[in-house]
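What follows is a single structure, written as structure tokens, with notes after it.
As the structure is a computational prediction, the values presented were derived from the model and not from experiment. The sequence lines fix the lettering, A, B, ..., with proteins before strands; numbering per chain opens at 1. These numbers come from the heavy atoms of this one structure, side chains and all, not from hydrogens, waters or symmetry mates.
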2 protein chains.
Amino acid sequence: MREGPDIARIASLIGDPARANMLNALMGGTALTASELALEAGVSLPTASSHLSKLMDGGLLTLASQGRHRYYGLASPQVAGMIEAIIGVAEAVGPKRVRPGPRDAAMRVARVCYDHLAGEQAVAMLDRLVDRKLLLREENEIRLSPSGASHFSALGIETDSKSRRPVCRACLDWSVRRSHLAGTLGAAILDKIIAENWARREKDSRAVVFSPNGRQAFERVFLC
Amino acid sequence: MREGPDIARIASLIGDPARANMLNALMGGTALTASELALEAGVSLPTASSHLSKLMDGGLLTLASQGRHRYYGLASPQVAGMIEAIIGVAEAVGPKRVRPGPRDAAMRVARVCYDHLAGEQAVAMLDRLVDRKLLLREENEIRLSPSGASHFSALGIETDSKSRRPVCRACLDWSVRRSHLAGTLGAAILDKIIAENWARREKDSRAVVFSPNGRQAFERVFLC
DNA sequence: GGAATGCTTCGATAAGGATCGAACTATGCG
DNA sequence: CGCATAGTTCGATCCTTATCGAAGCATTCC
């Protein structure tokens, strides 16, 4: 009864609308200050501060102090994955919104998931990389193949795992209900997409919008 | 404050300890009745009923009515996956629970789960009964084998299902995270354990404490 | 130093919701 | 029909917690 991991504690942290909005905003991957998060959540600064310290206590956030600025970010990809999973359920059972606006359509196609790409494009990319045997997939395990290593290296993408973080990880996509690529490789690919100017981040949103040329380039490189 | 899927609504449903316990109990995949869930959550029946209707409204549960029994189950594998994700985070950040007291230790070993035995002893028993082919197990389905029927009959345990209630049912054990035996057979075995005076119920607790002789007898009969 | 900015803590208030007993409905049993 | 079991609804209580204003720290800039 009161055994096992305390999932109620974690869930109740996310269960407050103000905190949920903050976490949602942080799903974009960039760390934000308390003021920015207060604005995002629509609460006063003291209220936001209180929420943030609770999220910190709960282990859901990390804090990077830089002078008088304090940047809050999601604690780990695992936390991001959990939030994605909750979003997925909320989408599935939630009151179907009258009509999905254009922003939603863009989100469905491509968006940022913490630090990597998600959405239809990302799911298609993982499928393709597996088809081409650049990645080897077994259930939820994804590994880099030798040919994959040289392939990404040729693209200027580092695939050595310096940290403890895995190079490849499967992350469930709420809009497509299938996995896309996370891990350091997933993050590096998103970096490249932005660096090459193939796409830009939509302001105040997780949506990632490809330019016509950028989409072609992306498809040529990652969708064969 | 962007609009999006209402993750706070979903998370707050899981954020109540009673509801979290219920969902945890349902993670085994078998549907449970309101009474069973009330016991599992440690709340009264009216309280459980209120929680269950909230979970239903939230789309997290499905309901199968069979006569006067109402079996609640998780709405989908997607919901189960979300809960798994939350468990994962809770495990990762969870401040290792306070030291388990002696009562908790006893509960871990053996306790009552509604009307049958749960805990390490019960899990071991089910394993053993399956090994001995007295019970046939396929995933979460458990059936009585012909040899099992005569075996239990010889022990004075009735195995005819007079009611609609199944003879055998798998019930997920929260302390061991594996299944133990429920259903009328599980209930009958617990009855026998108490009737033979092998063990007594701890007062005001679900713990079941075996006497030294009782434990030997139990092991001789059920653990081979 | 003093002023300005970023953020946290404190205190009071208010609202939400978890809880249970009692009463009520529904199904099954004889 | 009468009784027992399973479950829900209602009403009252009580506790948690979200909220903001005011005040308090901390850092930076001039």
Side-chain angles (χ1 to χ4, degrees), chain A residues 1-2 6-23 25-26 31-58 61-73, chain B residues 1 6-23 25-26 31-58 61-73 114-115 160-166 169 182-184 187 204:
Chain A
M1 188 155 80
R2 52 167 197 278
D6 198 346
I7 77 171
R9 173 170 157 73
I10 301 297
S12 69
L13 281 174
I14 312 170
D16 177 80
R19 288 194 291 264
N21 282 329
M22 292 175 172
L23 291 168
L26 291 171
L32 299 172
T33 64
S35 322
E36 291 171 313
L37 288 167
L39 197 66
E40 196 72 31
V43 294
S44 72
L45 231 163
T47 302
S49 184
S50 159
H51 285 308
L52 289 169
S53 66
K54 279 169 190 165
L55 288 170
M56 286 293 297
D57 285 349
L61 298 185
T62 51
L63 173 57
S65 281
Q66 282 178 19
R68 62 180 164 183
H69 293 266
R70 313 190 75 186
Y71 289 96
Y72 290 92
Chain B
M1 178 159 71
D6 199 348
I7 74 171
R9 175 171 156 72
I10 302 299
S12 69
L13 281 174
I14 311 169
D16 177 80
R19 287 193 293 262
N21 282 329
M22 291 175 172
L23 291 169
L26 291 172
L32 299 172
T33 64
S35 320
E36 290 171 316
L37 289 166
L39 271 165
E40 201 68 35
V43 294
S44 72
L45 230 161
T47 302
S49 183
S50 157
H51 285 308
L52 288 169
S53 66
K54 279 170 190 164
L55 289 169
M56 286 293 296
D57 284 350
L61 298 186
T62 51
L63 174 58
S65 282
Q66 282 178 19
R68 62 180 165 182
H69 293 266
R70 313 189 74 187
Y71 289 96
Y72 290 91
Y114 186 50
D115 63 357
D160 312 342
S161 179
K162 293 185 182 64
S163 65
R164 206 166 305 187
R165 189 172 170 206
R169 212 167 53 77
T184 58
D204 286 335

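- In this structure, E40(A) and M22(A) have side chains that are not in contact, with every pair of non-hydrogen atoms separated by 4.5 Å or more.
- Residues L55(A) and L23(A) meet the side-chain proximity criterion, which asks for heavy atoms closer than 4.5 Å.
- Between dG7(D) and Y71(B), no contact under 4.0 Å exists linking OP1 or OP2 to a side-chain N or O.
- I14(A) places its CD1 atom 17 Å from the C1' atom of dT17(D), with the value rounded to the nearest Å.
- Here the P atom of nucleotide dG17(C) and the CZ atom of R9(B) are 11 Å apart, to the nearest Å.
- Atom CG of L61(B) is separated from atom P of dG7(D) by 14 Å (rounded to the nearest Å).
- In this structure, the side chains of S12(B) and D16(A) stay at 4.5 Å or more apart for every pair of heavy atoms.
- When all heavy atoms of S44(A) and A38(A) are compared, the closest pair comes out as O-CB, 4.1 Å.
- A straight line from CG of L37(B) to C1' of dA6(D) spans 13 Å, rounded to a whole angstrom.
- Note: CZ (R70(B)) to C1' (dG28(C)) measures 16 Å, nearest angstrom.
- Within the 4.5 Å cutoff, no side-chain heavy atoms of E36(A) are placed close to those of Y72(A).
- Between Y71(B) atom OH and L63(B) atom CG the span is 11.5 Å, to the nearest 0.5 Å.
- One can place CG of L52(B) at 16 Å from C1' of dG17(C), the figure rounded to the nearest angstrom.
- The interatomic distance linking E36(A) (CD) with dT5(C) (C1') rounds to 14 Å, in whole Å.
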Expected rows: protein N/O vs nucleotides 18-21 of chain C N/O, under 3.5 Å:
{"residue": "dA18(C)", "atom": "OP2", "partner": "R19(B)", "partner atom": "NH1", "Å": "3.1"}
{"residue": "dA18(C)", "atom": "OP2", "partner": "K54(B)", "partner atom": "NZ", "Å": "3.0"}
{"residue": "dA18(C)", "atom": "O5'", "partner": "D16(B)", "partner atom": "OD1", "Å": "3.4"}
{"residue": "dT19(C)", "atom": "OP2", "partner": "H51(B)", "partner atom": "NE2", "Å": "2.4"}
{"residue": "dC20(C)", "atom": "OP2", "partner": "S44(B)", "partner atom": "N", "Å": "3.1"}
{"residue": "dC20(C)", "atom": "OP2", "partner": "S44(B)", "partner atom": "OG", "Å": "3.0"}
{"residue": "dC20(C)", "atom": "OP2", "partner": "T47(B)", "partner atom": "OG1", "Å": "2.7"}

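- The closest donor-acceptor contact from the side chain of S50(A) to the backbone of P46(A) lies at 3.5 Å or more, if one exists at all.
- One finds no side-chain N or O of T33(A) lying less than 4.0 angstrom from the OP1 or OP2 phosphate oxygen of dG6(C).
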Provide a list of protein-nucleic acid N or O atom pairs under 3.5 angstrom, restricted to nucleotides 13-16 of chain D.
none

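- Listed for the R19(B) side chain is a donor-acceptor partner under 3.5 Å among the backbone atoms of L13(B).
- Side-chain atoms of T47(B) never come within 3.5 Å of backbone atoms of V43(B) as a donor-acceptor pair (strictly under, hydrogens ignored).
- The CG atom of L55(B) sits 16 Å away from the C1' atom of dG7(D) (whole-angstrom rounding).
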